[in-house]
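Here's the structure, in structure tokens; my notes come after.
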Amino acid sequence: MGKRILIVDDESSIVTLLKFNVEQAGFESDVAYDGLEAVKKAEEGNFDLIILDLMLPEMDGTEVCKHLRSNKIDTPILMLTAKDEEIDKILGLELGADDYLTKPFSPKEVVARIKAILRRAAKTEDSVSSSIQIGDLTVYPDRYEAELKGKPLTFTRKEFELLYYLVSHKGIVLSRDKLLSAVWNYDFAGDTRIVDVHVSHLREKIEPDTKKPTYIKTVRGLGYKLESLKV
């Protein structure tokens with residue numbers, strides 16, 4: 001059985017375009033035309049990825065995304081937005097979306113993004129390790145879980161993937177471009193602001209003092225480094 005994609009958009013022409021292209025790429029698809037229908041199908045169906053428009057009737061894309069993540073549905077989400085300025089809104093909110101595209105978009109780019117997201121999800125799910133300990137932080141790669149001083153932490157899928165990559169390369173300075181390529185699987189120039197936003201979210205969850213990070217250090221002009229702290 002092929003990977004299943006849920007396409008959510010209130011414009012029938014966009015839905016038709018996306019449905020044709022994802023099926024041509026070998027995926028199965030289902031569709032929803034408003035936010036409430038999207039939530040219902042996402043909760044009832046077993047989808048591998050959701051293409052979610054930002055502007056929807058009944059419940060907009062941001063609310064759909066937040067609802068799914070709050071209900072522990074971690075299906076990867078590719079968000080569609082109609083205006084460039086809305087990208088900042090998406091990046092500035094902790095929605096849990098894995099990636100975004102601005103309309104108008106190339107169908108080939110949509111398929112490329114889908115494949116990149118699914119590749120990264122598969123790689124992380126195939127990672128097998130009991131736990132990784134750094135300071136008071138314990139990461140369980142095979143369970144998508146982490147604890148700080150024994151207290152469970154809650155992450156979006158992409159936050160966890162970023163944390164796991166940083167942990168796996170502790171002590172090494174990683175550029176924003178490197179993180180964008182490794183975690184988001186971009187094979188092209190992307191917007192590195194998405195890295196900064198996710199690092200900020202991680203710091204809010206694992207750092208005792210976000211203004212003086214203990215774990216994730218900023219290396220000025222270069223990128224980020226996760227410190228090799230001893231237990």
Side-chain angles (χ1 to χ4, degrees), residues 3 5 42 47-52 65-66 68-79 87 90-101 112-135 137-148 152-207 210 213 215-218 223-228:
K3 298 288 187 181
I5 311 294
F47 294 100
D48 296 284
L49 183 139
I50 300 170
I51 301 176
L52 181 65
C65 193
K66 286 189 285 187
L68 295 180
R69 294 303 186 240
S70 65
N71 284 276
K72 308 301 181 184
I73 297 175
D74 65 352
T75 307
I77 293 174
L78 173 59
M79 187 78 81
I87 292 175
I90 293 173
L91 295 181
L93 297 173
E94 186 151 354
L95 300 176
D98 294 76
D99 201 353
Y100 63 89
L101 267 179
R113 295 288 186 100
I114 290 171
K115 290 180 177 179
I117 294 170
L118 293 177
R119 279 200 308 270
R120 181 58 202 165
K123 285 180 183 178
T124 307
E125 288 171 357
D126 288 342
S127 300
V128 178
S129 176
S130 56
S131 68
I132 302 173
Q133 186 77 37
I134 298 180
L137 181 66
T138 308
V139 179
Y140 302 94
D142 54 329
R143 287 158 36 190
Y144 267 72
E145 296 176 359
E147 298 175 348
L148 186 64
L153 299 170
T154 301
F155 299 104
T156 66
R157 185 187 188 95
K158 195 54 60 179
E159 286 169 359
F160 183 86
E161 290 174 359
L162 175 59
L163 176 64
Y164 177 52
Y165 192 81
L166 288 167
V167 166
S168 300
H169 296 79
K170 60 184 177 182
I172 300 173
V173 179
L174 301 167
S175 70
R176 290 171 174 82
D177 286 335
K178 175 64 177 178
L179 291 170
L180 191 67
S181 173
V183 178
W184 281 265
N185 258 329
Y186 285 177
D187 297 321
F188 48 88
D191 190 338
T192 57
R193 288 178 302 168
I194 197 170
V195 175
D196 296 331
V197 170
H198 280 72
V199 167
S200 177
H201 290 163
L202 285 181
R203 281 174 169 165
E204 290 173 2
K205 296 176 180 182
I206 70 173
E207 298 288 0
T210 56
Y215 291 94
I216 304 175
K217 296 293 185 71
T218 299
Y224 296 104
K225 177 178 71 170
L226 192 131
E227 292 285 13
S228 302

Could you tabulate the donor-acceptor pairs under 3.5 Å formed by side-chain atoms of residues 165-173, not counting sequence neighbours?
| from | atom 1 | to | atom 2 | distance (Å) |
| --- | --- | --- | --- | --- |
| Ser168 | OG | Tyr164 | O | 2.7 |
| His169 | ND1 | Tyr165 | O | 2.8 |

Locate the shortest heavy-atom distance separating Leu68 from Ala42; write the atom from each residue and the value. CD2-CB, 3.8 Å
So, do Glu145 and Pro152 sit near enough that their side-chain heavy atoms are less than 4.5 Å apart? no
From Tyr140 OH over to Glu147 CD, what is the distance, rounded to the nearest 0.5 angstrom? 4.0 Å
Counting only N and O atoms by type, is there a donor-acceptor contact under 3.5 Å from the side chain of Lys158 to the main-chain atoms of Trp184? no
Any chance you could measure Ile117, atom CD1, to Asp99, atom CG, to the nearest 0.5 Å? 4.5 Å
Are the side chains of Lys72 and Thr154 in touch, meaning some heavy atoms are under 4.5 Å apart? yes
Reported CD1-to-CD1 distance for the pair Ile134 and Ile206, which is rounded to 0.5 angstrom: 9.0 Å
Parallel, tilted or perpendicular: ring planes of Phe160 versus Tyr144, cut at 30 and 60 degrees: parallel
Close side-chain approach of Ile132 to Pro141, heavy-atom, < 4.5 Å: yes
For Asp98, is there an ion pair with Arg69 - N to carboxylate O distance below 4.0 angstrom? yes
With rounding to the nearest 0.5 angstrom, report the CD1 to CD1 distance, Ile77 to Ile50. 5.0 Å
At their closest point, which heavy atom of Ile5 faces which heavy atom of Phe47, and how far apart are they? C-CD2, 3.9 Å
Hey, could you give me the CG/CG distance between Leu162 and Leu180, rounded to the nearest 0.5 Å? 10.5 Å
Of all residues at least two apart in sequence or in a different chain, which pass the side chain to side chain contact (heavy atoms under 4.5 Å, CB included) check with Asp48? Lys3, Arg4, Leu118
List the atom of Tyr215, the atom of Glu207, and the distance in Å for their closest heavy-atom pair. N-OE2, 2.9 Å
What pair of heavy atoms forms the shortest contact from Thr210 to Arg203, and how long is it? CG2-O, 3.5 Å
Shortest non-hydrogen pair, Thr138 vs Ser131, comes out as CG2-CB, 4.0 Å
Atom pair NZ/OG of Lys205 and Ser200 - distance to nearest 0.5 Å: 10.5 Å
Quick one: are Leu101 and Ile51 in side-chain contact, heavy atoms under 4.5 Å? no
State, to 0.1 Å, how close Ile194 and Tyr100 come at their nearest heavy-atom pair, and which atoms those are. CD1-CE2, 4.0 Å
Heavy-atom side-chain proximity of Phe155 to Glu161 below 4.5 angstrom: no
